[in-house]
Amino acid sequence: MKSPASRAYMKRSYSALACYFVILFATYTIVDRMHPVGWKLYACAALPFLPLLTTFLLTAAYLKAERDDFKRELVMRCLLWGAGASLSVSQFTGFLRIFGWQGRTPPFMELFAFCGAAVAAKITYRIANPLPAE
Amino acid sequence: MKNRLRVLRAERNWSQADLADRLEVSRQSVNAIETGKYDPSLPLAFRIARLFSTSIEAIFSDEA
């Protein structure tokens with residue numbers, strides 16, 4: 001059963017995610033075809049971040065609105081795993097770069113690590129704590 | 001923390017889903033509380049006590 005806060009959060013998050021992909025595709029196309037430089041390039045790079053920032057604000061609003069403490073704690077736990085994975089990837093590649101590593105990591109790797117770890121944490125909890133049949 | 005939630009629920013012939021509906025939480029939450037994996041917040045503990053017309057101490061007890 002999803003709480004009203006959870007339903008509203010999912011709906012808004014999917015909208016923000018859709019905006020993210022549209023903006024990402026649009027800015028990628030603009031940069032690829034028009035080759036902007038200077039502040040215009042920075043602006044293009046910053047644009048896709050706006051929906052992501054919105055997602056974080058939506059999450060904060062959800063955590064405030066959710067009446068189910070347990071679900072709130074579960075979401076917090078998943079977000080922590082996501083943040084941990086994201087920072088680990090950043091730390092790992094950053095450390096290698098200090099020592100002159102020239103290799104390339106896939107773009108948005110931290111974001112994928114964040115989402116992947118958060119989803120994996122949720123799935124792991126569900127598998128480890130199945131609901132008994134009634 | 002130990003609790004008598006499962007016993008109280010069984011006495012009333014309620015399923016976990018019934019109790020979850022009455023408390024306005026998820027069934028996951030009820031299950032986690034019953035199995036001792038999660039201690040409810042004070043507001044939720046009060047809601048549970050009110051629902052069963054008893055005190056918090058009569059439902060939850062400190063293991064120490």
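The structure displayed is predicted, hence computed values, not measured ones. In the text below, chain A, chain B and the rest are named by the order of the sequence lines, each starting its count at 1.
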| In terms of hydrophobic clustering (I, L, V, M, F, W, Y; side-chain heavy atoms under 4.5 Å; direct or indirect links), are L131(A) and V25(B) co-clustered? | no
| request: For P130(A) and N31(B), work out which heavy atoms get closest and say how close. | output: O-ND2, 4.1 Å
| Just wondering, are more than 12 heavy atoms of other shown residues or ligands nearer than 6.0 Å to CZ in R22(B)? | yes
| field | Same cluster (ILVMFWY, side-chain, under 4.5 Å), I127(A) and F70(A) | value | no
| request: Side chain from CB out, backbone as N, CA, C, O: work out which of these in P4(A) comes under 4.5 Å of a heavy atom of chain B, or both, or neither. | output: neither
| request: Step through the shown structure and confirm whether more than 12 heavy atoms of other residues, nucleotides or ligands are within 6.0 Å of CZ on R77(A). | output: yes
| Side chains of P132(A) and R27(B): does their closest heavy-atom pair fall under 4.5 Å? | yes
| note | Heavy-atom closest pair (D68(A) atom, S29(B) atom, distance to 0.1 Å) is OD1-OG, 2.6 Å
| said: Please classify the contact of E66(A) with chain B as side chain, backbone, both or neither, using a heavy-atom distance under 4.5 Å. | reply: neither
| query | For the hydrophobic clusters of this structure (ILVMFWY residues joined by side-chain heavy atoms under 4.5 Å, transitively), does one cluster hold both L111(A) and M109(A)? | reply | no
| said: I'd like to know whether Q28(B) forms a side chain to side chain contact (heavy atoms under 4.5 Å, CB included) with L74(A), so could you lay out the CA-CA distance, the side-chain angles of the two residues, the decisive distance to 0.1 Å, and finally the verdict. | reply: CA-CA 10 Å; Q28(B) 244 183 339; L74(A) 208 58; 4.0 Å; yes
| Any side-chain heavy atom of Y38(B) sitting closer than 4.5 Å to one from D69(A)? | yes
| Joint hydrophobic cluster, L17(A) plus L79(A), side-chain heavy atoms closer than 4.5 Å | no
| Side chains of P43(B) and R67(A): does their closest heavy-atom pair fall under 4.5 Å? | no
